[in-house]
Engineer: 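Quick one: this structure, given as structure tokens, is what I'll be asking you about.
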Amino acid sequence: MRFAPFRLTARAMSDRKTLHAAFAAKVDAVLAALEAEGVLPAGVSRANVTVEPPRDASHGDLATNAAMVLAKQAATNPRALAERIVEHLGRDAQIESAGIAGPGFINMRLADSAWRREIGAIAGLGSDYGRSAMGAGQRVNIEYVSANPTGPMHMGHCRGAVVGDALAALLEFAGHEVVREYYVNDAGGQVDVLARSAHLRYREALGEDIGAIPEGLYPGDYLKPVGEALAAEFGDAHRDRPEGDWLPLFRERAVAEMMALIRADLALLGIHHDVFASEAELQRAGKPEAAEAWLREHDLVYDGLLEAPKGKTPEDWEPVELPLFRSTRFGDDQDRPIRKSDGSWTYFGADLAYHMQKAEGADALIDIWGADHAGTVKRIKAAVAALSEGAGGRTIPFDVKLVQMVQLLRGGEPVKMSKRAGTFVTLADVVREVGKDVVRFTMLTRKPEAQMDFDFAKVVEASKDNPVFYVQYAHARISSTLRKGAAEGVAPAPDALDRLGGEELALVKQAAQFPRVVEAAAQAREPHRIAFFLYDLAAAFHAYWNLGNDDPAKRFIVAHDNELTAARLFLAAQIGQVIRNGLALLGVEAVEEM
RNA sequence: GCGCCCGUAGCUCAGUCGGAUAGAGCAUCGGAUUCCUAAUCCGGGGGCCACAGGUUCGAAUCCUGUCGGGCGCACCA
């Protein structure tokens with residue numbers, strides 16, 4: 001069952017009461033009362049009733065569509081039903097006013113005391129403010145990055161890495177048990193090429209003049225240290241031996257070195273996986289065979305002729321008989337081979353087994369892939385659907401998030417990259433140039449399925465067009481204000497929160513959205529919503545701050561009024577707390593000063 | 001040819017399960033600094049939500065088609 005935050009479900013009611021959930025509960029209680037009075041028919045479905053902030057803040061703090069949704073079932077018109085609901089809501093001391101608007105919306109304005117209480121709630125929960133129990137008991141496996149272990153990370157991998165990592169943190173914060181996983185493709189032809197490239201560098205390290213790197217081998221300098229390490233360890237023992245003698249060994253060593261490189265690159269971004277799953281190990285353990293046997297048993301794999309790709313048949317097309325997975329049964333365009341004609345596993349065959357393995361230890365799976373793999377989504381979804389079907393009806397929710405390409409620009413001009421010449425832009429270069437926080441935040445300021453430009457000239461601009469500085473600046477200002485307050489001998493204190501008025505409470509209203517933004521973002525699996533929330537919160541903070549420019553009485557630190565200063569500093573501290581909590585989900589540092 | 005993603009202000013993008021007068025930043029024009037950081041704020045102008053149908057109390061949002069951009073389409077990974 002998918003969980004919809006702030007719908008009036010039993011689930012939402014049982015959650016810890018955030019301010020919004022508490023008021024959703026009040027509305028539900030009113031509807032229950034009306035049902036008892038006979039105004040609403042017994043057992044009416046309230047599933048479509050929402051309680052949420054209206055888009056236009058001038059309408060109030062919360063709005064519900066209850067009257068519009070339920071009018072038909074109550075055999076009345078929306079406005080008449082709304083009047084009955086408003087009548088009940090008006091009796092609640094926490095609701096200052098409730099009114100009917102438009103086609104039957106009910107707008108509520110909450111009492112100031114409710115918002116003041118929320119400031120205390122933030123303080124009480126601290127770094128747990130916004131944490132949700134929504135995913136309690138749910139084990140989610142999220143696989144991201146999974147770059148081939150044939151070289152350092154380049155910018156093409158970056159977006160998926162950041163999105164995956166932020167999503168993992170988000171789901172964890174929303175109560176899920178999260179496993180961060182990296183699938184190491186150390187069994188295909190590419191790692192053989194890597195091993196040969198390493199062998200060449202090994203001969204070079206032994207003093208041989210290897211000349212230009214031949215076509216088909218990896219030319220990058222990053223393999224030189226690998227060759228040197230191999231030379232240091234083995235001397236010339238493997239120099240003149242036939243390939244078959246050294247290939248497995250060199251492959252293993254080179255892959256290990258590449259993974260060390262990749263882990264170091266990921267660490268630069270603050271990314272750490274829990275599990276590195278090796279395709280080679282998976283195969284040694286016989287997992288693909290087991291998957292194949294199971295699938296054959298259920299008539300989901302058969303030996304058949306591989307069809308030509310849809311719409312275009314290559315000149316040299318020859319039909320071959322291969323073990324095929326019936327992915328068409330689950331919506332794919334054609335059945336897909338799990339073994340090659342030499343009997344070895346296709347990428348898909350091994351990947352299928354890998355997903356089976358992941359599904360054993362998780363209630364839900366998420367893959368983050370680059371958009372260039374879009375063509376293979378259907379088959380892997382088909383595979384997981386098949387496993388679900390066979391797993392005794394336990395369906396395994398499975399999302400493949402496609403992350404679109406990032407175009408690198410410098411001052412509006414595309415950055416030229418050539419893999420063959422080895423001139424791709426590495427992730428490490430970019431992080432070194434613009435910093436981790438800029439890379440991470442920028443990658444999260446667009447929904448992942450939209451294409452994106454990354455312009456070096458723009459993202460390092462500390463002033464304009466750059467949300468990360470904007471948000472960090474808000475936090476830095478808060479920190480500096482608290483420092484200044486301390487220097488003047490005033491500590492933040494909640495004793496006189498009743499002296500905070502509408503302008504301060506507007507800030508609280510913004511911050512109080514955080515718990516529901518977390519749940520909505522987690523449910524939609526869209527970490528970018530956190531970034532946009534932080535931007536809005538920072539904007540509200542900066543706006544409030546600038547009131548003090550015109551009117552010194554509106555500054556956080558008010559001369560000769562320690563009571564008010566303490567209350568405002570307390571507010572500032574809690575806004576800072578919410579910003580920190582949000583930035584933590586994005587993996588961006590909340591700086592104390594800039 | 002087929003599949004997937006995208007199309008919202010001059011530019012880059014948000015837009016909650018279908019909800020009220022579609023929002024922000026940049027750019028542009030006009031303002032604010034003896035002040036806790038102006039790396040900020042306030043205001044003006046700027047929209048056939050690609051186009052055409054459909055679904056309904058209501059559509060940027062859902063459905064169908066068209067156009068435009070991107071990605072992919074063999075036993076590669």
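The structure displayed is predicted, hence computed values, not measured ones. Numbers restart at 1 for each chain; the letters A, B, ... are given by sequence-line order, proteins then strands.
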Engineer: Taking salt bridge (charged side-chain N to carboxylate O under 4.0 Å, His left out) as the definition, give me every residue that meets it alongside A:D372, ordered by chain and number, with sequence neighbours left out.
Structural biologist: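 Residues passing salt bridge (charged side-chain N to carboxylate O under 4.0 Å, His left out) with A:D372: none at all.
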Engineer: Measure from the side-chain heavy atoms of A:F532 and tell me the nearest of B:A38, B:A20, B:A14.
Structural biologist: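 So the side chain of A:F532 is nearest to B:A14.
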Engineer: Would you classify A:N107 as touching base, sugar-phosphate or nothing, given that sugar-phosphate means primed atoms plus P, OP1 and OP2, and contacts are heavy atoms under 4.0 Å?
Structural biologist: base
Engineer: Quick check: A:F454 with A:F456 (ring centres under 6.0 Å apart)?
Structural biologist: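 Yes, ring centres under 6.0 Å apart.
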Engineer: Checking all strands, does A:N549 fall into the base, sugar-phosphate, or nothing category for heavy-atom contacts under 4.0 angstrom?
Structural biologist: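 Base contact - A:N549 has a heavy atom under 4.0 Å of at least one base atom.
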Engineer: Mind checking what makes salt bridge (charged side-chain N to carboxylate O under 4.0 Å, His left out) contact with A:E589, not counting sequence neighbours?
Structural biologist: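 Partners of A:E589 under the salt bridge (charged side-chain N to carboxylate O under 4.0 Å, His left out) test: none.
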Engineer: With sequence neighbours left out, write down each residue that passes side-chain contact (heavy atoms from CB on, under 4.5 Å) with A:A491, or none if nothing qualifies.
Structural biologist: none
Engineer: Ring pair (Phe, Tyr, Trp, His ring centres under 6.0 Å): which pairs involve residues 548-569 of chain A, sequence neighbours left out?
Structural biologist: A:F541-A:F556, A:Y544-A:F556
Engineer: Donor-acceptor pairs under 3.5 angstrom involving side-chain atoms of residues 144-153 of chain A: please list them, not counting sequence neighbours.
Structural biologist:
unit_1, atom_1, unit_2, atom_2, d
A:Y144, OH, A:D165, OD1, 2.8
A:S146, OG, A:E143, OE2, 2.8
A:S146, OG, A:Y183, N, 2.9
A:N148, ND2, A:Q190, OE1, 3.1

Engineer: Please identify each residue that fulfils side-chain contact (heavy atoms from CB on, under 4.5 Å) with A:P448, with sequence neighbours left out.
Structural biologist: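 Counting only residues at least two positions away or on another chain, A:P448 forms a side-chain contact (heavy atoms from CB on, under 4.5 Å) with A:V163, A:V403, A:H528.
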Engineer: Could you work out, with ring pair (Phe, Tyr, Trp, His ring centres under 6.0 Å) as the rule, every residue matching A:F105, not counting sequence neighbours?
Structural biologist: none
Engineer: Strictly under 4.0 angstrom, non-hydrogen atoms only: write out the protein contact profile of nucleotides 3-8 of chain B, one letter per nucleotide from the 5' end, B, S or -.
Structural biologist: SSSSS-
Engineer: Got a sec? Which of residues 61-70 of chain A come in under 4.0 Å of RNA chain B, heavy atoms?
Structural biologist: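 Residues of residues 61-70 of chain A under 4.0 Å from RNA chain B: A:A63, A:M68.
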Engineer: Could you tell me whether the side chain of A:S341 has a donor or acceptor atom within less than 3.5 Å of a complementary atom in the base of B:C75?
Structural biologist: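 Yes.
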Engineer: Once hydrogens and angles are ignored, does a donor-acceptor distance under 3.5 Å link the base of B:U16 to the side chain of A:R516?
Structural biologist: yes
Engineer: Taking only the side-chain heavy atoms of A:R379 (C-beta and beyond), determine which of B:A24, B:C41, B:A77 contains the nearest atom.
Structural biologist: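 For the A:R379 side chain, the nearest candidate turns out to be B:A77.
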Engineer: Note every stem involving RNA chain B: at least three consecutive Watson-Crick or G-U wobble pairs, i with j then i+1 with j-1, with both distances under 3.5 Å.
Structural biologist: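 Only these stems qualify: B:1-7 with B:67-73, B:10-13 with B:23-26, B:28-32 with B:40-44, B:50-54 with B:62-66.
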Engineer: State whether A:R555 places a side-chain N or O below 4.0 Å from either non-bridging phosphate oxygen (OP1 or OP2) of B:C36.
Structural biologist: no
Engineer: Polar-atom pairs under 3.5 Å, protein N or O versus N or O of nucleotides 60-62 of chain B: list them with distances, or write none.
Structural biologist:
unit_1, atom_1, unit_2, atom_2, d
B:A60, N6, A:R55, NH1, 3.0
B:A60, N6, A:R55, NH2, 3.1

Engineer: Using the test side-chain contact (heavy atoms from CB on, under 4.5 Å), find all partners of A:A374 that sit at least two apart in sequence or belong to another chain.
Structural biologist: A:L402
